[in-house]
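Here the structure is laid out as structure tokens; the discussion comes afterwards.
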Amino acid sequence: STREAFDMTDETTGTKATRIPDYMFYKSLNVEKINLSTVEVVGSNSFYMCPYITEINLPNATELKSSAFNASSRSLVSPASMVINLPSVITLNDSALREMGYAGVNTTLTLTACETVSANSVRGASGRYFVIDTLDLPAVKTIGQECLNYHQFTNVIIGTSCASIASKPFNYCTITNLTVKATTPPTLNANGLGCTPTHIYVPADSVATYKAASTWSTYASIIEAIPT
């Protein structure tokens with residue numbers, strides 16, 4: 001039978017739901033675009049392995065439960081691009097956006113309010129990774145273990161409130177510029193970042209502090225002041 005594509009909007013769903021229940025669209029082959037203005041919480045596994053999703057726009061969602069969109073990148077045909085707009089999400093739980101990317105496909109990922117990027121939450125895999133120009137995390141406080149593995153970034157920007165970075169959050173990634181705006185170096189696990197960026201930029205008055213800080217000292221040769 002022919003697959004019928006379905007774009008979820010406030011109009012097409014006819015609902016003002018604030019929560020998408022657990023497993024609601026589990027393994028759906030129809031959902032492609034999600035644009036829902038009233039949703040605040042996306043339940044566990046609610047879009048697990050929905051292989052045709054190319055756009056997520058949930059402007060008022062504050063939490064993605066575990067595996068909310070896990071493995072939603074299994075279509076045989078890669079999209080031209082992907083957009084994931086989650087500007088109000090505060091907590092990304094385990095595997096919430098895991099293995100959603102397509103190799104070589106440019107992706108826009110917006111996580112403006114995110115404070116907690118949990119372990120494995122945005123983890124990719126070989127052949128299933130994001131290609132992102134700029135990932136900006138201005139509100140992040142905690143970055144979990146192996147939470148952003150495999151992706152390709154030109155710029156990653158970590159905000160002033162970041163206090164801790166767990167083991168290898170960028171394992172198997174490529175990063176051109178990593179900017180950390182915190183004046184006090186976030187606690188960095190002894191296993192390090194998981195990759196070596198081309199540049200690590202930090203506040204000018206904190207360069208020496210970062211170079212001497214535990215684990216950050218491993219990257220001393222590439223730590224420099226944020227360009228003005």
Side-chain angles (χ1 to χ4, degrees), residues 59 61-66 84-98 107-124 129-228:
T62 57
E63 183 175 12
L64 300 189
K65 297 290 188 180
S66 60
I84 302 173
N85 184 42
L86 301 166
S88 300
V89 164
I90 296 171
T91 302
L92 278 178
N93 284 295
D94 182 33
S95 300
L97 296 172
R98 183 169 180 164
T107 301
T108 300
L109 177 59
T110 303
L111 295 169
T112 311
C114 190
E115 296 180 2
T116 302
V117 185
S118 300
N120 302 307
S121 57
V122 199
R123 179 183 179 133
Y129 56 85
F130 295 137
V131 178
I132 295 177
D133 179 69
T134 299
L135 175 63
D136 192 4
L137 299 169
V140 72
K141 296 178 180 179
T142 303
I143 298 177
Q145 179 174 330
E146 300 193 13
C147 61
L148 288 155
N149 290 8
Y150 287 95
H151 305 305
Q152 296 181 1
F153 303 100
T154 302
N155 302 290
V156 176
I157 304 171
I158 296 172
T160 58
S161 299
C162 188
S164 66
I165 301 175
S167 175
K168 298 182 178 180
F170 299 107
N171 214 18
Y172 303 111
C173 289
T174 59
I175 303 174
T176 304
N177 304 310
L178 172 63
T179 300
V180 186
K181 294 184 176 180
T183 54
T184 299
T187 301
L188 179 58
N189 182 276
N191 290 325
L193 298 169
C195 75
T196 302
T198 305
H199 305 281
I200 296 178
Y201 295 116
V202 302
D205 291 342
S206 300
V207 170
T209 304
Y210 272 83
K211 287 187 175 186
S214 179
T215 310
W216 288 104
S217 60
T218 306
Y219 306 98
S221 64
I222 56 171
I223 294 175
E224 52 190 297
I226 297 172
T228 57

Does the side chain of [Y] come within less than 4.5 Å of [X]'s, by heavy atoms?
X      : Y      : answer
Val122 : Leu109 : yes
Asn85  : Thr108 : no
Leu178 : Leu193 : yes

What pair of heavy atoms forms the shortest contact from [X] to [Y], and how long is it?
X      : Y      : value
Ser161 : Ala139 : CB-O, 4.5 Å
Cys195 : Cys173 : CB-O, 3.4 Å
Cys162 : Pro186 : O-CG, 3.5 Å
Thr215 : Asn189 : CG2-O, 3.1 Å
Ser118 : Leu92  : OG-O, 2.8 Å
Pro169 : Gly144 : CB-O, 3.7 Å

So, [X] side chain and [Y] main chain: donor-acceptor pair closer than 3.5 Å or not?
X      : Y      : result
Thr107 : Phe130 : no
Ser88  : Ala61  : no
Asn149 : Arg123 : no
Trp216 : Thr209 : no

[atom1]-[atom2] distance between [X] and [Y], expressed to the nearest 0.5 angstrom:
X      : Y      : atom1 : atom2 : answer
Ser167 : Ile143 : OG    : CD1   : 13.0 Å
Ser95  : Lys65  : OG    : NZ    : 14.5 Å
Leu148 : Ile175 : CG    : CD1   : 8.0 Å
Tyr150 : Asn171 : OH    : CG    : 7.0 Å
Asn120 : Asn93  : CG    : CG    : 12.0 Å
Asp94  : Leu64  : CG    : CG    : 12.5 Å

Item checked: Residues which pass side-chain contact (heavy atoms from CB on, under 4.5 Å) with Ser206, listed by chain and number, not counting sequence neighbours -> Thr183, Pro203, Tyr210
Note to self: I'd like to check the side-chain contact (heavy atoms from CB on, under 4.5 Å) partners of Ser217; sequence neighbours left out, ordered by chain and number.
What the structure shows: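 If we apply the side-chain contact (heavy atoms from CB on, under 4.5 Å) test to Ser217, skipping adjacent residues, there are no hits.
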Checklist line | Mutual orientation of the aromatic rings belonging to Phe153 and His151 [parallel < 30°, tilted 30-60°, perpendicular > 60°] | finding: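 Perpendicular, since the angle between the ring planes exceeds 60°.
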Note to self: Applying the side chain to side chain donor-acceptor pair (under 3.5 Å) criterion to Asn155, which one of Asp136, Thr176, Asn177 satisfies it?
What the structure shows: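 Going through the options one by one, the only one that passes is Asn177.
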Notebook entry, point to check: Who pairs with Phe170 by ring pair (Phe, Tyr, Trp, His ring centres under 6.0 Å), at least two apart in sequence or on another chain?
Noted result: none
Item checked: Residues, nucleotides or ligands: over 12 heavy atoms within 6.0 Å of Lys181 NZ -> no
